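The next block holds one structure in the form of C-alpha cells; read it before the comments.
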Amino acid sequence: VQLQASGGGLVQAGGSLRLSCAASGRTVSNNGMGWFRQAPGKEREFVAGMNWRGASTVYADSVKGRFTISRDRAKNTVYLQMSVLKPEDTAVYYCAARLGGLSGIPANYNYWGQGTQVTVSS
C-alpha cells in the first residue's frame with residue numbers, strides 16, 4: 001500500500017484545513033486507517049482513526065469535536081477535516097494504514113505516507 005498525504009499549509013488560528021490521504025496498491029478495504037502528527041521535539045501522536053469500512057472512528061481528546069476523519073471508497077482516499085485550528089495543532093501530519101482494525105499506536109501501522117506540514121499561526 002502506498003499512501004500520499006496532501007493538503008497541509010499555513011492557516012490562522014480558528015481556520016480550517018482538509019488533509020487528504022490517497023491510497024494505492026494493495027486494497028485497503030480491510031485496513032485500519034489513521035492520522036498521526038509530530039511536532040518538533042515531540043513524539044508522534046495519534047490524532048484520529050477509522051476502519052476502512054467506516055463503521056468506527058476514534059479521536060484523540062485534543063481534537064475531538066474539531067477534527068473529522070472520513071473516507072471516499074471510490075477514490076480510495078481518507079480525509080481529515082480540521083476546524084477551529086489552534087497553534088498547538090502545528091505539526092507534520094501523517095496518514096497510515098494497518099492490516100487490521102482501529103489502533104491508536106503508531107507501531108501497529110504497517111504503511112505510512114510522507115507527511116504534510118500544518119502550521120497554525122496565532
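Note that the structure is a prediction, hence the values are computed from the model and not measured.
- Judged by a 6.0 Å distance limit and a 45° cone about the ring axis, Arg18 is positioned over the six-membered ring of Tyr79.
- Annotation: side chain of Met50 is not in contact with side chain of Ser56 (no heavy-atom distance under 4.5 Å).
- With sequence neighbours excluded, the residues forming a side chain to side chain contact (heavy atoms under 4.5 Å, CB included) with Glu88 are Lys86, listed by chain and number.
- Counting heavy-atom neighbours within 6.0 Å of Lys42 NZ, excluding the residue itself, gives a total of 12 or less.
- Counting only heavy atoms from C-beta outward, the side chains of Phe67 and Ser83 never approach each other to under 4.5 Å.
- Judged by the 6.0 Å distance and 45° axis criteria, Arg44 is positioned over the aromatic ring of Tyr94.
- In this structure, the side chains of Val11 and Thr119 stay at 4.5 Å or more apart for every pair of heavy atoms.
- A perpendicular orientation is assigned to the rings of Phe46 and Phe36, their planes being inclined by more than 60° (bins at 30° and 60°).
- Residues Leu17 and Val118 form a side-chain contact, since some pair of their non-hydrogen atoms from C-beta on lies under 4.5 Å apart.
- To the nearest 0.5 Å, the span separating CG on Asn31 from CZ on Arg71 amounts to 13.0 Å.
- Among the candidates Asp89, Val120, Val47, Leu19, the single residue satisfying the side chain to side chain contact (heavy atoms under 4.5 Å, CB included) test with Met82 is Leu19.
- Between Met33 and Cys95, the closest side-chain pair of non-hydrogen atoms is not below 4.5 Å.
- The minimum heavy-atom distance between Tyr59 and Ala48, with the atom names listed, is CD2-CB, 3.6 Å.
- With Tyr109 contributing its side chain and Ser103 its backbone, the two residues share a donor-acceptor pair below 3.5 Å.
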side-chain contact (heavy atoms from CB on, under 4.5 Å) evaluation trace for Ile69 with Val78: CA-CA 7 Å; Ile69 187 171; Val78 176; 3.9 Å; yes

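- Taking the side-chain hydrogen bond (donor to acceptor under 3.5 Å, both in side chains) definition, one finds that Gln4 meets it with nothing, sequence neighbours left out.
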